[in-house]
Number of protein chains: 2
Amino acid sequence: MLPKKPAEFELEDADTADAAPPLDQSVLLSLVGYNCRRAYITIMPLFEKRMAKFELRPVDFTVLSLLKANPNINQKRLSKAINVSPPNLATLLDRLEQRDLVMRQRNPQDRRSQTLVLTTAGMRMCVKAEKTAAELEEKATEALNDAERAQLITLLQKIFISSL
Amino acid sequence: MLPKKPAEFELEDADTADAAPPLDQSVLLSLVGYNCRRAYITIMPLFEKRMAKFELRPVDFTVLSLLKANPNINQKRLSKAINVSPPNLATLLDRLEQRDLVMRQRNPQDRRSQTLVLTTAGMRMCVKAEKTAAELEEKATEALNDAERAQLITLLQKIFISSL
DNA sequence: TATTGTTATACTCTATAACTATA
DNA sequence: TATAGTTATAGAGTATAACAATA
């Protein structure tokens, strides 16, 4: 990610070189939303790269992790929790079910709904993926010490806590 | 966003009601990336709603604000700064130019590149939009006091500062 | 009549390849 | 040959409408 030939930049025309004086982003950098997005798009490629070995996208990891912690929830609750529309969740679950990672079973009490559980394989993959995610955490937030990381998470959660 | 009939929830079956016991998200909530995303998708709909009256998407606002602070940059530098590929930036700028908000002008020193500036109308809209964004800031971060908001921004920037 | 979930489809965003014009 | 920008297109992600099954 870092420039590979920093020493050469000074030899180039500052007005046309790629490493020209950094842009003034002071207004944007004063907005929490912009900073959240920048931090998010810095972390996500690292996360996606590590999840690729499990063939899991971030949203797939989210589903597995939620099903591990909340077995037997139905699709409606899961849909709301992860902000994925029911039609899109249906196809997402189709893929995970075809890979034998999750199971849908009709709820005998209300046969309209389906309860979701991880298969044994799904549970095993989820445990490994969560371990990988925890390791990534350290890499992604290496500029922060433990107290700062905890503080950051606390502050972010204050913004969306009412929607949990 | 808040439930409209909270009193009724207790009358419903806790296992099937929409307001059933909140999901256990403890693993996900320990990840900075997940928290960034949740905070981001909490703030953005508010932001988009307020920018709609200017017919600006978030990325359009970003472009206008950067051109206001950095007149005469070329598309390559803008492309890198906002993480939008050159082809997609071209069509984005087509729209803004058709609306008479920005101007592209060939650089006489290197006629391959184009320098970008806001038009008078673009400048006027940008000033108003930035004011709106600043007002939204207070609403979006109402759960934080001034010190906390400043702290949050500082911590987020530590994550992506090396990519600036 | 309302709800859960599905299918089909459309729309937006993002990514890539091939091209023009300039250097 | 390399670079700035464009055009065209493909893909992923997201949103919506209409439907089946069940209550």
Side-chain angles (χ1 to χ4, degrees), chain A residues 8 12-13 15-20 37 40-41 44-45 48-49 51-52 55-63 72-98 102-116, chain B residues 5 8-9 12-13 15-20 37 40-41 44-45 48-49 51-52 55-63 72-98 102-116:
Chain A
E8 288 185 14
E12 299 177 3
D13 180 343
D15 284 327
T16 55
D18 288 355
R37 176 169 169 78
Y40 179 70
I41 66 178
M44 286 320 286
E48 285 167 17
K49 202 174 167 191
M51 286 300 140
E55 292 182 84
L56 294 177
R57 298 168 306 162
V59 67
D60 299 320
F61 169 77
T62 300
V63 165
N72 293 302
I73 60 174
N74 65 22
Q75 293 183 206
K76 185 163 205 288
R77 289 190 64 201
L78 180 58
S79 172
K80 288 198 172 188
I82 64 177
N83 235 20
V84 171
S85 67
N88 294 331
L89 181 58
T91 61
L92 186 163
L93 290 172
D94 284 347
R95 283 192 295 270
L96 294 181
E97 200 171 33
Q98 275 164 24
V102 311
M103 274 174 44
R104 292 189 250 219
Q105 27 199 29
R106 287 282 163 199
N107 178 349
Q109 268 75 53
D110 181 347
R111 295 186 45 75
R112 288 173 306 182
S113 76
Q114 312 204 75
T115 58
L116 302 166
Chain B
K5 310 185 239 168
E8 289 185 13
F9 289 148
E12 299 177 5
D13 181 342
D15 283 328
T16 56
D18 288 355
R37 175 168 170 80
Y40 179 69
I41 67 178
M44 287 320 286
E48 285 167 17
K49 202 174 166 189
M51 286 300 141
E55 292 182 84
L56 295 176
R57 298 168 306 163
V59 68
D60 300 319
F61 170 77
T62 300
V63 166
N72 293 302
I73 59 175
N74 65 24
Q75 293 183 206
K76 186 164 204 287
R77 290 190 64 201
L78 181 59
S79 171
K80 288 199 172 188
I82 65 176
N83 235 20
V84 171
S85 67
N88 294 331
L89 180 59
T91 61
L92 187 164
L93 289 172
D94 285 346
R95 283 192 295 270
L96 294 181
E97 201 171 33
Q98 276 165 23
V102 311
M103 274 173 46
R104 292 189 252 219
Q105 25 199 30
R106 287 281 162 201
N107 178 350
Q109 267 77 53
D110 182 344
R111 295 186 44 74
R112 287 173 305 183
S113 77
Q114 313 203 76
T115 58
L116 302 167

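Per chain, numbering begins at 1; letters A, B, ... match sequence-line order.
- Regarding A/Arg104, its CZ atom lies at a distance of 16 Å from the P atom of C/dT4, rounded to whole Å.
- Distance A/Ile41 CD1 to C/dC13 P: 15 Å, rounded to the nearest Å.
- Residue B/Lys76 contributes atom NZ, which lies 8 Å from atom C1' of D/dT3 at whole-angstrom precision.
- Within the 4.5 Å cutoff, the side chain of A/Leu92 has no heavy atoms near those of the A/Asn88 side chain.
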| message | Generate the contact string for nucleotides 13-23 of chain D. Rules: B means base contact, S means sugar-phosphate contact only, - means no protein heavy atom under 4.0 Å. | response | SBBBB----BS

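- Across the protein-nucleic acid pair, B/Leu92 atom CG and C/dT12 atom P stand 14 Å apart, rounded to whole Å.
- In this structure, CG of A/Leu93 is placed 7 Å from P of C/dT6, rounded to the nearest angstrom.
- A 6.0 Å sphere centred on CD of B/Glu48 holds more than 12 heavy atoms belonging to other residues, nucleotides or ligands.
- For the pair A/Asp94 and A/Ser113, nearest-nucleotide mapping onto DNA chain C gives the more 5' position to A/Ser113.
- Between A/Asn107 and A/Asn74 the shortest side-chain heavy-atom distance does not fall below 4.5 Å.
- A/Glu97 meets the salt bridge (Lys or Arg N to Asp or Glu O under 4.0 Å) test with A/Arg104; sequence neighbours excluded.
- Atom pair B/Leu89:CG and C/dA15:C1' shows a separation of 14 Å (rounding to whole Å applied).
- In this structure, B/Ile41 CD1 and A/Asn83 CG are separated by 4.5 Å, a value rounded to the nearest 0.5 Å.
- In terms of the salt bridge (Lys or Arg N to Asp or Glu O under 4.0 Å) criterion, residue partners of B/Arg112 (sequence neighbours excluded) are, by chain and number, B/Asp110.
- D/dA12 atom C1' lies 17 Å from atom CG of A/Leu56, rounded to whole Å.
- If you take CD of A/Glu48 and P of D/dA12, they are 13 Å apart, rounded to a whole angstrom.
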